[in-house]
There are 2 protein chains.
Amino acid sequence: MSYTISEAAQKTGLPPSTIRFYDKEGLLPNIKRKNGIRVFEDMDLRLMGLLTCLKNTGMPIKRIRDYVELTSKGDDTLQERYEIIKAQRQFVLDQIEQLQYYLEELDFKDWYYNKALAAGSESAINLDDYEKETGKKAPDDPNRRD
Amino acid sequence: MSYTISEAAQKTGLPPSTIRFYDKEGLLPNIKRKNGIRVFEDMDLRLMGLLTCLKNTGMPIKRIRDYVELTSKGDDTLQERYEIIKAQRQFVLDQIEQLQYYLEELDFKDWYYNKALAAGSESAINLDDYEKETGKKAPDDPNRRD
DNA sequence: TTATTTATTAAAGTTAACTTTAAGTCAAGG
DNA sequence: CCTTGACTTAAAGTTAACTTTAATAAATAA
C-alpha cells in the first residue's frame, strides 16, 4: 500500500512539515518519489513509528540519524545498533524510575491540598499526619517554616 | 541556615545561571538580599526542589510561575493550586504509561538484535518467534518487507 | 480546459529554556 | 590597602526541533 504525505501524516500523527523535516534530516532514507512527489510505503510508516518511539523517549535527532544510517549499512553494524537500543532501553527505565519518584512528591502535594481544603487553611496542616495516614514519608515541603 | 548562590547551586544541582534565570522569571519569590547579594534559606532550597519536580515532569516555566504566584496569595487560591497539582500528577501517570509502552517496543528491538547477532544476520530472524519465546506480541518492525 | 487542492523547495521565523558575555560591585585574605 | 574571587545585572547568544512563508509544480475535480 502506498500513501501521500498527508495520508502518512494522518497515519503517523506527525504533521507533513515534520515528515519533510525528518526526511531532510536523513531520518527517512529511501523514500520513493513519483514526479518529485514522495510516495510512502508501509515500511516507511513503520520506520516513522520507531522514530517516534526514539524521539519521544528523548533521543536527539542526530543520534536517531546515526542509528538509521547504521541500519542501512546492513549486518556489519548489528552490534553498534544493538548498543544504541540497549542504552535507550536503559534510559527509558531510568526515566520511569525518576517519574515514579516525582509522582511521590505530587502524591504528597495532593494529600496536602486535600487536607488544606478540608480545613480551609494551609496553616492547619500537621506534616506528621502524612506518614501516619499513608505510611509514606513526607517529602520536604516548600511551605514549611523552619 | 543561609546559603550563597553557589552553595544553593551545589545543594540543588542547578547552575547559578539557572537559579538567577528562575529568579528573574518569578519562580523564586522573596529571596532575601544582603547588600544586593542573594541569601538563600532552607525554605528556598525546598521550593527549588518542587520547581525541579514540576519542571522535570514537563510543566512549562510560565505555568510554574502561575503556581508560585498563587501560593503567595494564600488560602484563597488553595482550590486553584490543587487543580494544577492534580493535573500534573495525572500528566505524570500518563507519561509513565507511555514510557512503558515505548519500553515494549525497545524490548522487542533488544530481542531482535540478540537474535540477529546470534545468527550473524538480520535476515535469519523469524518475527513469529518473538511471541513464541516471550508471550508478548511483536510490535511492527520497520525492517519487515511486505 | 480550468480551477482548486495538494505537493515541492529553500530559507526564514519561532519557542523554550537556558548560557554566555561584559561591565561592574562586594567580601575576604595577606 | 590591594588583590582575588564570588557576586550582580542587562543583553545578547545558543540549541533543538520544529513551523511558516513564498514561490512554484503536479494532481484532481468540475
Side-chain angles (χ1 to χ4, degrees), chain A residues 1-41 44-45 47-69 88 91 95 98 102, chain B residues 2-41 44-45 47-68 88 91 95 98 102:
Chain A
M1 195 57 187
S2 293
Y3 309 95
T4 66
I5 198 168
S6 56
E7 287 165 341
Q10 174 72 38
K11 293 227 171 212
T12 61
L14 299 169
S17 62
T18 301
I19 297 176
R20 291 196 188 97
F21 171 70
Y22 286 171
D23 188 11
K24 198 171 55 175
E25 292 293 306
L27 269 51
L28 299 171
N30 317 321
I31 295 286
K32 275 190 278 183
R33 299 269 184 148
K34 200 175 177 179
N35 295 323
I37 289 175
R38 292 178 185 82
V39 176
F40 296 83
E41 302 296 334
D44 301 317
L45 299 193
L47 174 55
M48 287 193 238
L50 177 61
L51 299 184
T52 298
C53 168
L54 297 176
K55 185 202 62 162
N56 287 352
T57 56
M59 187 180 288
I61 282 184
K62 283 186 183 190
R63 191 164 163 80
I64 299 179
R65 177 177 47 220
D66 290 346
Y67 175 80
V68 167
E69 281 173 2
Q88 191 66 10
F91 187 52
Q95 284 181 73
Q98 237 223 346
Y102 287 134
Chain B
S2 293
Y3 311 94
T4 66
I5 197 168
S6 55
E7 288 165 340
Q10 175 72 39
K11 294 228 171 213
T12 60
L14 299 169
S17 62
T18 301
I19 297 176
R20 293 197 187 94
F21 171 70
Y22 286 171
D23 188 10
K24 198 173 53 174
E25 292 293 307
L27 269 50
L28 299 171
N30 318 322
I31 295 287
K32 275 191 276 184
R33 299 271 184 147
K34 200 174 178 179
N35 296 323
I37 289 176
R38 292 179 186 82
V39 176
F40 296 83
E41 303 296 335
D44 301 318
L45 300 193
L47 175 55
M48 288 192 239
L50 178 60
L51 299 185
T52 298
C53 168
L54 296 177
K55 185 202 62 162
N56 287 353
T57 56
M59 188 182 286
I61 282 184
K62 283 187 184 189
R63 190 164 164 82
I64 299 179
R65 177 177 46 218
D66 289 346
Y67 175 81
V68 167
Q88 192 66 9
F91 187 52
Q95 285 180 74
Q98 237 223 344
Y102 287 135

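Letters A, B, ... are given to chains in the order of the sequence lines, protein chains preceding strands, and every chain is numbered from 1.
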* To do: Between D:dC7, C:dT9, C:dA16, spot the one nearest the side chain of B:Lys62, thanks.
  => C:dA16
* Phosphate contact (D:dT9 OP1 or OP2) by B:Arg33 side-chain N/O below 4.0 Å -> yes
* Asked: Any sub-3.5 Å donor-acceptor pair from A:Gln88's side-chain atoms to A:Thr57's backbone N or O?
  -> yes
* Structure fact -> Rounded to whole Å, the CG-P distance (B:Asp23 to D:dT9) equals 7 Å
* Asked: Please give, in whole Å, the distance from D:dA25 C1' to A:Ile5 CD1?
  -> 15 Å
* To do: Report the residue (A:Ile37 or A:Phe21) whose heavy-atom-nearest nucleotide on DNA chain D is the more 5′ of the two.
  => A:Phe21
* At under 4.0 Å, does any side-chain N or O of B:Asn35 touch on OP1 or OP2 of C:dA27? -> yes
* Asked: Crowded around B:Glu7 CD? As in, over 12 foreign heavy atoms under 6.0 Å?
  -> yes
* Would you say B:Thr18's side chain and B:Leu14's backbone share a donor-acceptor pair under 3.5 angstrom? -> no
* To do: Select one nucleotide: of C:dT6, D:dA6, D:dC18, the one nearest the side-chain heavy atoms of B:Ser6.
  => D:dA6
* To do: Nearest whole angstrom, please: distance from the P of C:dT19 to the CD of B:Glu25.
  => 13 Å
* **Donor-acceptor contact present, side-chain A:Glu69 to main-chain A:Asp66, <3.5 Å** => no
* Proximal nucleotide (of D:dA6, C:dT19, D:dT8) relative to the B:Pro15 side chain -> C:dT19
* Structure fact -> A:Gln10 atom CD is separated from C:dA7 atom P, nearest whole Å, by 12 Å
* Does the side chain of A:Tyr22 get closer than 4.0 angstrom to OP1 or OP2 of D:dC18 through an N or O atom? -> yes
* So does A:Ser17 get a side-chain nitrogen or oxygen closer than 4.0 Å to the phosphate oxygens (OP1/OP2) of D:dT20? -> no
* To do: Please answer whether the main-chain N or O of A:Lys32 pairs with a side-chain N or O of A:Arg38 as donor and acceptor at a distance below 3.5 Å.
  => no
* Asked: For DNA chain C, whose closest nucleotide is more 5', that of B:Gly36 or that of A:Pro16?
  -> A:Pro16
* **Stepwise side-chain hydrogen bond (donor to acceptor under 3.5 Å, both in side chains) test for B:Ser2 and B:Glu41** => CA-CA 5 Å; B:Ser2 293; B:Glu41 303 296 335; 2.9 Å; yes
* **Nucleotide D:dA27, atom P - distance to OH of A:Tyr3 in whole Å** => 20 Å
* C:dA17 OP1/OP2 closer than 4.0 Å to side-chain N/O of B:Thr18 -> no
* Structure fact -> To the nearest angstrom, the NZ-P distance between B:Lys24 and C:dA17 comes to 14 Å
* Asked: How would you label the contact of B:Pro60 with the nucleic acid (heavy atoms, under 4.0 Å): base, sugar-phosphate, or nothing?
  -> sugar-phosphate
* Look at A:Arg38 and C:dT6 and indicate whether a side-chain polar atom (N or O) is within less than 4.0 Å of OP1 or OP2. => no
* **Out of D:dC18, D:dT8, D:dA27, whichever nucleotide has its closest atom nearest the side chain of A:Ile61** => D:dC18
* Taking five pairs at each end, how big is the angle between the two axes of the helix from C:dT1-D:dA30 to C:dG30-D:dC1, to 10°? -> 10°
* Asked: For D:dA6, does OP1 or OP2 lie under 4.0 Å from any side-chain N or O of B:Thr4?
  -> no
* To do: Check the distance between C:dA17's C1' and B:Asn56's CG and give it to me in whole angstrom.
  => 12 Å
* To do: Mind calculating the distance between CZ (B:Arg20) and C1' (D:dA10) to the nearest angstrom?
  => 13 Å
* Would you call B:Asp23 and B:Arg33 a salt bridge, taking side-chain N to carboxylate O under 4.0 Å as the test? -> yes
* Within the distance-only criterion (no hydrogens, no angle test), does the side chain of A:Asn56 pair as donor or acceptor with the backbone N or O of A:Cys53 below 3.5 angstrom? -> no
* Asked: Within the structure shown, what part of the strands sits under 4.0 Å from A:Lys55 by heavy-atom distance: base, sugar-phosphate, or nothing?
  -> sugar-phosphate
